Amino acid sequence: MPARSGTLARAVTGWAFALPFAALFLVFTAGPVVASLAMSVTDIRSADLLDPLGVNVVAFDNYARLFADPKFVQAAVNTAVFVVVGVPLTMALALLVALGLNSGLVRFRTLFRVGYYLPVVTSIVAISVVWRFLLQPDSGLFNELLGLVGIDGPSWLDDRPFALPTLIVMAAWRNLGFAMVIFLAGLQAIPKDLYEAATIDGARTLARLRYLTVPMLRPTMLFVAVITTIGYVQFFEEPFVMTQGGPLDSTLSLAYHTYNQFGFGNYGYASAMGYVLFVVVVLLSIAWFRLLRNTHEQ
Amino acid sequence: MKRTVLLVALTVVTLVASACGRGDETGGGAREGTEVESGKASGEITVWAMGTEGEKLSVLAEDFMEENPDATVTVTPVPWDGAHSKLATAIAGRQTPDVTMLGTTWVGEFAKTGALDVVPPDLVAEDDFFPGAWETGVVDGTSYSVPWYVETRLLFVNKAVAEKAGVTEPPTTWDGLKQAVRDLRERGGARWGTYLQPGQMGAWQTFMPFVWQNGGEIHDGERFRLDSPEVAEAVAYYQSFYDEGLSTRNRLREGEAEPKFISGEIASFVSGPWHIGLLDELGGKGEYEVWPMPSGSGEYTSFIGGSNLSVFENAKNRDGAWKFVSYLTRPEVQVKWYQTVNDLPSVAAAWDDPVLAGDPLLATFGDQLGVAKAPPPIPTWEQIAAGVDTELEKVAKGTTSPEDAAKAMQAHATSIGTGG
Amino acid sequence: MSSDRIRSRDVVARVVLHVLLGLGLVAMVGPFVWMLLSSFKGEGEIRRVPMTWLPEDVTFANYGDLFERLDFPTYFTNSAVVAVVTTVGNLLFCSAAGYALAKLPFPGKRVLFGMVLGTIMVPSIVTIVPLFVLSSNLGLVNTLAGLILPFLAQAFGVFLMRQFIFSIPNDLLEAARIDGASELRIYWQVVLPLCKPALATLGILTFLASWNNFLWPLVAASTEDKYTLPVALALYAIGQNRTDYDLLLAGSVVVVLPVLVVFVLLQRHFVRGIATTGLK
């Protein structure tokens, strides 16, 4: 009996903590999500806005149509490349910067922290203007630098093989400050005495990194990995301001294609695409959870 | 755990699904608007307008309120960026204003929702407007919106380059245009003789006039006609500018073209009246002229765009709303509007005013407007146009042939349908 | 570590690290610096090719224009109220829910966490129509509450807080429980202080996202007096056929300043983790 009332009490406590969030979340987030999921199995279009229930249920037709849509397939490939290259690149750069700033060897840390975070807050329009200047084929900084070593630089945003890689680099540049901030917070949470103990044991820097920092940082890395993956699967702003998906759809992303379909008023179809994105993120997140699972999780 | 969530979601979906189903579509056919009661406007009239128009409309609203002391006009300016989504969600949530400004190519889509009121027959007269502009508001024979301001596309030409090249008269035929552009490049010393947008968003607006000039059409009322020989020829003509090195195959981004045009690197480009202000601001005033578009074997025409005004069917103040719309299309108000924000009048009579008639650049626009055309206001047009843009990019990059491009445009359009 | 003696290896490491981070810094701040400098240029100079860095003719007209044409106090107040309330709400609700999800057993926990994770992964564009219809039915359209409520408790924040609270040792909480502390007290006096870096992170990220949010504030406000800064800036600077870079850049500088202030204020807390809370 005491055990049961204890369980009940703990259940009540748990829910009491979760309730304010859960209530708002169910109404304003989960509700619309379920509604949009319902939309994805109907043929709802913008013409049905006044009578959203007066549509036909088409089950998985929207989903089937997706895979016959050459733009969707192209966008899926582009997004896959973007995520597979972009997420590790961003995380690695962010982790290196965070470790550098956290090493205790660096002065002006506030300056560095703010500086590396600036791209995150700078308006995407200003960023796109500057990047376009830098990337200009004839007078841009990149090609002038390449010219110094005798290389005739490409038209970065208009040559098919270069456009997507350019946007990957740009996205890594833009997002590494975000990941860095979270890594810094995570690094601070590792008790200092563990490092002291390791140093006394004579562990070298690399060994400390491998056997102490990285394992202790796992929950943070998992978080950064999942959040960055979610952000990158929904890759949108860079192609939107830099290439509009071109040249020849080589930078069209799934999120961009979804956005376009939404703009065309194909709500059912756009929602279906949104849920394909969703499934992809779920699968990738499960992979990250497997890869970076914390020992006391599960 | 995820399985549980999925199961719950699916149950909800099934429940909702059982409540759905399209009723019998009510038959089409032209509808007549209801008349508006005579007399002065009264009560509150809420208006949405985009961008600069939204920012400055209160100037005209105040004049209107002076004339109609019992009426209050409340203008909400809406950013262009996101305006389409704002209208769509407002319709779904039944939170629409009385009057809204609509991009000409949006009318078909929003008319299909049933949210727009039919234009009353007694307040505005079709004959007052440029015919191409009026057509943008007519869906399945029914008028849902009234043209407010218009724009059309001409060729902007760098004067110095043209003089050096010895091109003094605007060409009137396709061959003439090609030769003129060639001269601008070879004799005028320009890096590029012209700039035709090589595909991507909105390129169809530059391309479609060539189809019309060649006697082609988008839709004949029965089916799409994008695979006709006329369209393929227009594509071939468009493509030849890239193949002959007369226009860059790479898309110029916003702000790139103007400095290159003023410096003479690009000798000409196709654009609308807003480029007058833009070029003047960048120091190009008086350095350029505008040429009308040439004619092919078909009609002499260009693209007409701009914005319309519509009233929502569930407007709280329908009569007041239409009275305000009617006020905005009076010739003298249209002239004042031109003086306020440089929007070109949709009402032909306004062009007789010396403010417009006295300006040679504008006069060329005015002439072209009389014959300019818009795509048919089919609800799915934006999506069909995106398919045209995609093919144009391939055309510019040389990865497709004109015939294949025309076929692909047709297949894409047919697969989407007219949404009717 | 022998404390004061600086070994030569350390000196080399220091120099290399500073050079590398410094080079990176230049690349990172370049566009921001250009934005700042160019906000003092005229439209023609901003658009000049090749680009210029220092303004030739320094002008304050862009800022003058900005404050003259925009009803700045209104937009700023709306943005500030929405961003501050959203941030405080998320800090409170997400840390509480994160604590429950990380450390307290209760039925439905896994389902709740699954839903939290699931909804982060749904692109927001596909839910905007249902969300608007919902807000309309609740009478929230064109109210500040309508701008705030949909973002007051975001799944992202719960995920972040749960991950951080997970790494707090259970022994610590058990010790407090044995001392007779209530869960509320443990949450407030043990968990939250330990979470300062995470709370600072969440605060910065939520504030930034709310401050820059565009589509929802645009859709949910039907009169100009409920517009937020990004909506107003888009309205005045981005036209149908042209963008006014002068106004846009000056506006972007003004919009970014509060975010920078929040970041500079909160980033101190990243270095005040467990080490300085007296916990060993």
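Below, chains carry the letters A, B, ... as their sequence lines are ordered, and counting in each starts from 1. From a predicted model like this one, the values you see are computed outputs, not experimental measurements.
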Okay, C/Phe32 and chain A: the region with an atom under 4.5 Å from a heavy atom over there is both
Ignoring hydrogens, what is the shortest heavy-atom contact between C/Leu25 and A/Tyr116? Give both atom names and the distance. N-OH, 3.3 Å
Which one, C/Trp211, C/Phe164, C/Phe106, C/Phe156, leads in non-hydrogen pairs under 4.5 Å with chain A? C/Phe106
Which of C/Cys94, C/Ser182, C/Ala13, C/Gly24 touches chain A most, by non-hydrogen pairs under 4.5 Å: C/Gly24
Gap between atom CH2 of C/Trp34 and atom CZ of A/Phe133 - 0.5 Å precision: 5.5 Å
To the nearest 0.5 Å, what is the distance between CG (A/Leu24) and CD1 (C/Ile148)? 11.5 Å
Is the side chain of A/Trp173 donor-acceptor paired with the backbone N or O of C/Ala27 at a distance under 3.5 Å, no angle test? yes
A/Phe236 versus chain C, the contacting section by heavy-atom distance below 4.5 Å: neither
What closest approach, in Å, do C/Ala155 and A/Phe25 show between heavy atoms, and which atom pair accounts for it? CB-CE1, 3.8 Å
C/Val126 versus A/Phe262: any side-chain heavy-atom pair under 4.5 Å? no
Looking only at C/Leu104, C/Val122, C/Val259, C/Val26, the option with the highest number of non-hydrogen pairs under 4.5 Å against chain A is C/Val122
Between C/Phe159 and A/Phe223, how do the two ring planes meet: parallel, tilted or perpendicular, split at 30° and 60°? tilted
Which atoms form the tightest heavy-atom contact between A/Thr29 and C/Pro150, and what is the distance? OG1-O, 4.4 Å
Looking at chain C, which one of A/Val129, A/Thr220, A/Val120 has the largest number of heavy-atom pairs inside 4.5 Å, strictly under? A/Val129
State which residues pass salt bridge (charged side-chain N to carboxylate O under 4.0 Å, His left out) with C/Arg185; sequence neighbours excluded, sorted by chain then number. none
Sequence neighbours excluded, which residues qualify as side-chain contact (heavy atoms from CB on, under 4.5 Å) partners of C/Leu257? none
Tell me which of these, C/Asn212, C/Leu205, C/Val133, C/Val255, has more heavy-atom pairs under 4.5 Å with chain A than the rest. C/Leu205
What are the two closest non-hydrogen atoms of A/Phe21 and C/Ala97, and how far apart are they? CB-CB, 3.7 Å
Rounding to 0.5 Å, atoms CD1 (C/Ile125) and CD (A/Gln261) come to a distance of 12.0 Å
For the residue pair A/Arg107 and C/His18, what are the closest heavy atoms and their distance? N-NE2, 3.1 Å
Contact class of C/Leu249 relative to chain A, heavy atoms under 4.5 angstrom: side chain
Decide yes or no for C/Leu117 and A/Ser285: does some side-chain heavy atom of the first lie under 4.5 Å from some side-chain heavy atom of the second? no
What's the shortest heavy-atom distance between A/Phe17 and C/Ala100, and which atoms? CB-CB, 3.7 Å
Which bit of C/Ile128 comes within less than 4.5 Å of chain A, counting heavy atoms only: side chain, backbone, both or neither? side chain
If you tally heavy-atom pairs under 4.5 Å between each of C/Leu112, C/Leu248, C/Leu152, C/Val158 and chain A, the highest tally belongs to C/Val158
Output for pair (A/Leu96 CG, C/Leu21 CG), nearest 0.5 Å, gives 9.5 Å
Any idea which of C/Leu184, C/Thr119, C/Leu208 has the most non-hydrogen atom pairs under 4.5 angstrom with chain A? C/Thr119
Interatomic distance, C/Gln154 atom CD to A/Phe28 atom CZ [nearest 0.5 angstrom]: 12.5 Å
Is it the side chain or the backbone of C/Tyr245 that comes within 4.5 Å of chain A heavy atoms, both, or neither? side chain
Side-chain contact, heavy-atom cut-off 4.5 Å: A/Val33 with C/Met115? no
